[in-house]
Amino acid sequence: MRRVSRIAALYRAVDSAAAVEVPQHRMSTAAQFSTSSNKSSARSNWLFNNLLTDLSARTAAHAVAGTMLFSVAATTLTEEVHAKEAVPPELRPKDLVLYQYEACPFCNKVKAFLDYYDLPYKIIEVNPISKKELKWSDYKKVPVVLVDGEQMVNSSDIIDKLYEKVRSGDSTFDADEESKWRKWVDDHLVHMLSPNIYRNTSEALESFDYITSHGNFSFTERITAKYAGAAAMYFVSKKLKKKYNITDERAALYDAAETWVEALKGRDFLGGSKPNLADLAVYGVLRPIRYLKSGRDMVENTRIGDWYSRMESEVGVSARIQA
């Protein structure tokens, strides 16, 4: 009976993952969301075998959506605080609330923007199974942001609208270049995360250990999600590899990192001397996995580490305030 209830809880969590934001042009296919892994060692094989059989009956859309819920780990705050982009007091929102999953790369993308522009925000952690925190809204994906009572949804749209609100002058960035690489983040980079985070059972357990420790789960949900979820996502990641034609997940992640470094063309940031919205998007998506095994491997085996360190310094400490 317990085994059945745990698997049922897992499926409810996977179903809820379909409520995680996806780029608008991908909405008809499914959600993508993933990132984090590696900690404990071997777990019971029966769980993997049972889940593999059961999961094969799920639709491809739910399989992809499932990756969005259980993803991204380890958001780090740097001790070194550099001058952030100053926003005139009259342009700063008076009340900003972010509804999120801690491990969501799209939520982390929004947080990177808020932290960089030093816009104080409150966080409401959404329970991915009940989503009771979003009952007031017709929109059931994350992130959702309330800005002085105005609802904003979809990470890229949220950032665009907030940027329009807080900037005091014309941007000096190359808008076309910035737009191109922001699109690359949503269309390509995020798809590299799940296959790497859930590459093997130990990395999947590392990821879920973080997610269940920082997410809004009850005790029972936490235990179910950590072990059953890690098992499920291990197999889902294999399906994602096929979906996105990935033969070697680490090589694909390294290639994406090198592609980004090449795009910098020797500049400190894509924006030149200061980060632009594309820099913040890449940084936000990668920040949760930076100190997981996949993220450590990426930094050790590519040239992205120097840029990432510069971004840590520029973005600085979180602008989060207590709700």
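Source: prediction; values computed, not measured. Atoms considered below: every heavy atom in the structure, side chains included; atoms not considered: hydrogens, waters and symmetry mates.
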Say you draw a straight line from [atom1] of [X] to [atom2] of [Y]; how long is it, rounded to the nearest 0.5 Å?
{"X": "Leu205", "Y": "Asp209", "atom1": "CG", "atom2": "CG", "answer": "8.0 Å"}
{"X": "Ser156", "Y": "Lys183", "atom1": "OG", "atom2": "NZ", "answer": "10.5 Å"}
{"X": "Met298", "Y": "Glu300", "atom1": "CE", "atom2": "CD", "answer": "10.5 Å"}
{"X": "Leu292", "Y": "Leu193", "atom1": "CG", "atom2": "CG", "answer": "10.5 Å"}
{"X": "Tyr99", "Y": "Glu133", "atom1": "OH", "atom2": "CD", "answer": "9.0 Å"}
{"X": "Ile123", "Y": "Ile321", "atom1": "CD1", "atom2": "CD1", "answer": "10.5 Å"}

For residues [X] and [Y], determine if any side-chain heavy atom of one lies less than 4.5 Å from a side-chain heavy atom of the other.
{"X": "Asp297", "Y": "Asn196", "result": "no"}
{"X": "Glu221", "Y": "Asn216", "result": "no"}
{"X": "His188", "Y": "Tyr244", "result": "no"}
{"X": "Lys161", "Y": "Val145", "result": "no"}
{"X": "Val144", "Y": "Gln151", "result": "yes"}
{"X": "Phe106", "Y": "Gln100", "result": "no"}
{"X": "Glu150", "Y": "Lys165", "result": "yes"}
{"X": "Val261", "Y": "Asp306", "result": "no"}

Point to revise | Pairs touching residues 90-100 that satisfy salt bridge (charged side-chain N to carboxylate O under 4.0 Å, His left out), sequence neighbours left out | key: Asp95-Lys122

Practice item. Can you sort out the partners of Asp255 under side-chain contact (heavy atoms from CB on, under 4.5 Å), two or more places apart, ordered by chain and number? Key: Thr259

Check your understanding: For Ala263, which residues count as a side-chain contact (heavy atoms from CB on, under 4.5 Å) partner, sequence neighbours excluded?
Key -> Trp181, Trp260, Leu270

Exercise for review: List in chain and number order the residues that pass side-chain hydrogen bond (donor to acceptor under 3.5 Å, both in side chains) with Lys241, two or more places apart in sequence or in another chain; answer none if no residue qualifies.
Suggested key: Glu249

Check your understanding: Can you name the side-chain hydrogen bond (donor to acceptor under 3.5 Å, both in side chains) partners of Thr220, sequence neighbours left out?
Key -> none

Check your understanding: Between Asp160 and Arg182, is there a side-chain N and carboxylate O pair less than 4.0 Å apart?
Key -> yes

Check your understanding: Taking a hydrophobic cluster as the set of Ile, Leu, Val, Met, Phe, Trp and Tyr residues connected by side-chain heavy atoms closer than 4.5 Å, whether directly or through intermediates, do Trp136 and Tyr139 fall within one such cluster?
Key -> yes

**Study point:** More than 12 heavy atoms from other groups under 6.0 Å of CG on Asp138
**Key:** no

Between the side chain of [X] and the main-chain N/O of [Y], is any donor-acceptor distance below 3.5 Å?
{"X": "Arg267", "Y": "Leu264", "result": "yes"}
{"X": "Glu258", "Y": "Thr302", "result": "no"}
{"X": "Asn108", "Y": "Glu102", "result": "yes"}
{"X": "Asp279", "Y": "Asn276", "result": "yes"}
{"X": "Lys132", "Y": "Ile129", "result": "no"}
{"X": "Asp115", "Y": "Val315", "result": "no"}
{"X": "Lys140", "Y": "Leu134", "result": "yes"}
{"X": "Ser179", "Y": "Asp176", "result": "no"}
{"X": "Lys238", "Y": "Arg199", "result": "yes"}

**Study point:** Stacked cation flag Lys109 on Phe113, 6.0 angstrom / 45 deg
**Key:** no

Minimal non-hydrogen separation, [X] against [Y], with atom names:
{"X": "Ile304", "Y": "Ala257", "result": "CD1-CB, 4.0 Å"}
{"X": "Gly284", "Y": "Ala112", "result": "CA-CB, 3.9 Å"}
{"X": "Pro105", "Y": "Val285", "result": "O-CG2, 4.1 Å"}
{"X": "Ala252", "Y": "Met192", "result": "CB-SD, 3.5 Å"}
{"X": "Ser237", "Y": "Pro195", "result": "CB-CA, 4.0 Å"}
{"X": "Glu312", "Y": "Tyr283", "result": "CG-OH, 3.6 Å"}

Check your understanding: Taking it one step at a time, do Leu280 and Met311 satisfy side chain to side chain contact (heavy atoms under 4.5 Å, CB included)?
Key -> CA-CA 8 Å; Leu280 292 171; Met311 285 299 299; 3.8 Å; yes

Practice item. Output, in order, the C-alpha distance, side-chain angles, deciding distance and verdict of side chain to side chain contact (heavy atoms under 4.5 Å, CB included) for Glu85 and Val87. Key: CA-CA 6 Å; Glu85 283 295 298; Val87 174; 5.7 Å; no

Exercise for review: Check step by step if side chain to side chain contact (heavy atoms under 4.5 Å, CB included) holds for Lys274 and Tyr116.
Suggested key: CA-CA 11 Å; Lys274 287 287 186 179; Tyr116 179 65; 3.7 Å; yes

Point to revise | Derivation and outcome, side chain to side chain contact (heavy atoms under 4.5 Å, CB included), residues Val153 and Lys141 | key: CA-CA 8 Å; Val153 300; Lys141 302 177 178 68; over 6 Å; no

Exercise for review: Mind checking salt bridge (Lys or Arg N to Asp or Glu O under 4.0 Å) for Glu164 and listing every partner two or more places apart, or none if nothing turns up?
Suggested key: Arg167

